[in-house]
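In this text the structure is predicted, and so the values were computed from the model without any measurement. Chain naming here is simple, since letters A, B, ... match the order of the sequence lines and numbering starts at 1 in each.
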Number of protein chains: 2
Amino acid sequence: MQNHLKKEIIHLDGIDSRLIELLYENARTPVTELSRAVGMTAPSVNERLKRLEEKGVIAGYRIEVNPTVLGYSLIAIVRMRPLPGKLKALEALIVSIPEFVECDKVTGEDCYIARLYLKDISDLDPILDRFSELADTNTAIVKSTPVKRRLLV
Amino acid sequence: MQNHLKKEIIHLDGIDSRLIELLYENARTPVTELSRAVGMTAPSVNERLKRLEEKGVIAGYRIEVNPTVLGYSLIAIVRMRPLPGKLKALEALIVSIPEFVECDKVTGEDCYIARLYLKDISDLDPILDRFSELADTNTAIVKSTPVKRRLLV
DNA sequence: CCTGAAATACTGATTCT
DNA sequence: AGAATCAGTATTTCAGG
């Protein structure tokens with residue numbers, strides 16, 4: 001017997017996949033337009049969306065904000081290895097700085113890998129200085145993004 | 001005279017910021033509801049949204065899909081350094097594999113940093129094997145995500 | 001999953017400040 | 001220029017099958 005605690009995997013049919021694709025392109029697409037695209041009525045599509053939300057496939061509807069337009073012209077990837085006893089403090093500091101827009105805790109030598117948005121390269125050092133007592137850091141500047149965050153499948 | 005080619009920085013007032021916040025929480029919020037939240041009429045809010053789209057602040061409306069529910073229970077961060085003469089081929093291979101949902105080209109020793117979704121740890125080696133002639137790779141498994149991709153500001 | 005109808009939301013032209 | 005009002009369409013959301 002399989003483990004049914006939290007491990008149920010959802011399988012999407014062709015119509016669900018298409019709906020997800022369409023909504024990834026434009027999450028504000030009206031249900032009536034979606035329904036035309038998949039050859040169904042609006043209430044049916046609405047039900048499917050509700051189901052996809054309930055099952056957790058659709059975790060949310062978000063806007064994508066372009067940080068460049070707001071003056072954040074640089075992205076850095078910062079890897080951090082906490083100094084002895086500083087792990088909790090390190091993580092708390094990362095979380096508290098809004099310019100860190102994402103951070104993963106990982107296996108291996110580096111403990112944290114974070115994505116940092118900057119208005120200017122001169123903003124980098126003041127931020128990294130705040131970590132000098134907490135971690136060894138290694139910073140790489142993003143030159144381009146060959147794959148922009150995309151939908152799996 | 002300032003440079004007006006591509007470098008104009010947009011400044012948001014309080015209402016724009018609030019609209020962006022609300023739409024980040026739920027990009028399908030009806031304009032009428034947004035208008036109630038910010039104390040304006042629906043057409044005014046609609047104009048603001050159009051302006052934010054035109055200026056490029058709002059780059060798009062997306063859904064957030066939960067990969068775990070679809071069976072992708074592991075995330076890996078893969079750093080890659082191309083072997084001599086293999087840079088183009090390496091980038092092309094990364095782009096061609098849908099499980100790489102994001103990839104940045106960066107300064108420093110590692111040339112690429114990519115995010116890889118996996119159904120199972122046993123799927124890792126077959127994918128990395130495809131890179132054996134193209135790059136030295138370094139893989140870290142994500143244990144947790146202290147900061148989930150969030151809005152700047 | 002569909003039909004049909006009621007409630008709600010969107011869109012634009014126009015006016016006002 | 002940006003915001004309000006109002007009227008005409010379009011969309012969403014239930015009911016019932």
Trainee: Take the protein atom CD of B/E47 and the nucleotide atom P of C/dT11, then report the distance between them rounded to whole Å.
Mentor: 12 Å
Trainee: Please give, in whole Å, the distance from C/dT8 P to B/L34 CG?
Mentor: 17 Å
Trainee: Would you mind reading off the distance between A/E53 atom CD and D/dT12 atom P, rounded to a whole angstrom?
Mentor: 13 Å
Trainee: Tell me the interatomic distance from A/R48, atom CZ, to C/dC1, atom C1', rounded to whole angstroms.
Mentor: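 So the two atoms are 9 Å apart, to the nearest Å.
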Trainee: In whole angstrom, what separates A/Y61's OH from D/dT12's P?
Mentor: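 Computing the A/Y61:OH to D/dT12:P distance gives 11 Å.
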Trainee: Which atoms form the tightest heavy-atom contact between A/R149 and A/Y24, and what is the distance?
Mentor: O-OH, 3.0 Å
Trainee: Atom NZ of B/K50 and atom P of C/dG12: how far apart are they, to the nearest Å?
Mentor: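 Spelled out: NZ on B/K50 to P on C/dG12 is 8 Å.
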Trainee: Regarding A/T32, tell me which of base, sugar-phosphate or nothing describes its non-hydrogen contacts under 4.0 Å with the strands shown.
Mentor: base
Trainee: From the list D/dT5, C/dC1, D/dT13, which nucleotide is the closest neighbour of the side chain of A/M40?
Mentor: C/dC1
Trainee: Answer yes or no: is there a side-chain heavy-atom contact under 4.5 Å between A/L152 and B/L70?
Mentor: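 They are not in side-chain contact.
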Trainee: To the nearest angstrom, how far is B/E54 atom CD from D/dG2 atom P?
Mentor: 11 Å
Trainee: Using whole Å, what does the distance between atom P of nucleotide D/dA4 and atom CZ of B/R36 come to?
Mentor: 15 Å
Trainee: What is the distance from atom OG1 of A/T137 to atom OH of A/Y112, rounded to the nearest 0.5 Å?
Mentor: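 Reported value, rounded in 0.5 Å steps: 15.0 Å.
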Trainee: Do the side-chain N or O atoms of A/N46 get closer than 4.0 angstrom to the phosphate oxygens (OP1, OP2) of D/dT12?
Mentor: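 For D/dT12, neither OP1 nor OP2 has a side-chain N or O of A/N46 closer than 4.0 Å.
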Trainee: Quick one: on DNA chain C, does A/D13 or B/P43 contact a more 5' nucleotide (nearest heavy atom)?
Mentor: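 Its nearest nucleotide lies further toward 5', so the answer is A/D13.
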Trainee: For the backbone of B/I15 and the side chain of B/D13, can you confirm whether one donor and one acceptor N or O come within less than 3.5 Å of each other?
Mentor: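 Yes: the side chain of B/D13 pairs with the backbone of B/I15.
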Trainee: Can you check whether B/D136's main-chain N or O pairs, donor with acceptor, with B/R79's side chain at less than 3.5 Å?
Mentor: no
Trainee: OP1 or OP2 of D/dA3 sitting under 4.0 Å from any side-chain N/O of B/S44?
Mentor: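 Checking D/dA3 against B/S44, no side-chain N or O comes under 4.0 Å of OP1 or OP2.
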Trainee: Choosing from D/dT12, C/dT3, C/dC10, which nucleotide comes nearest the side chain of A/R28?
Mentor: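 The closest nucleotide is C/dC10.
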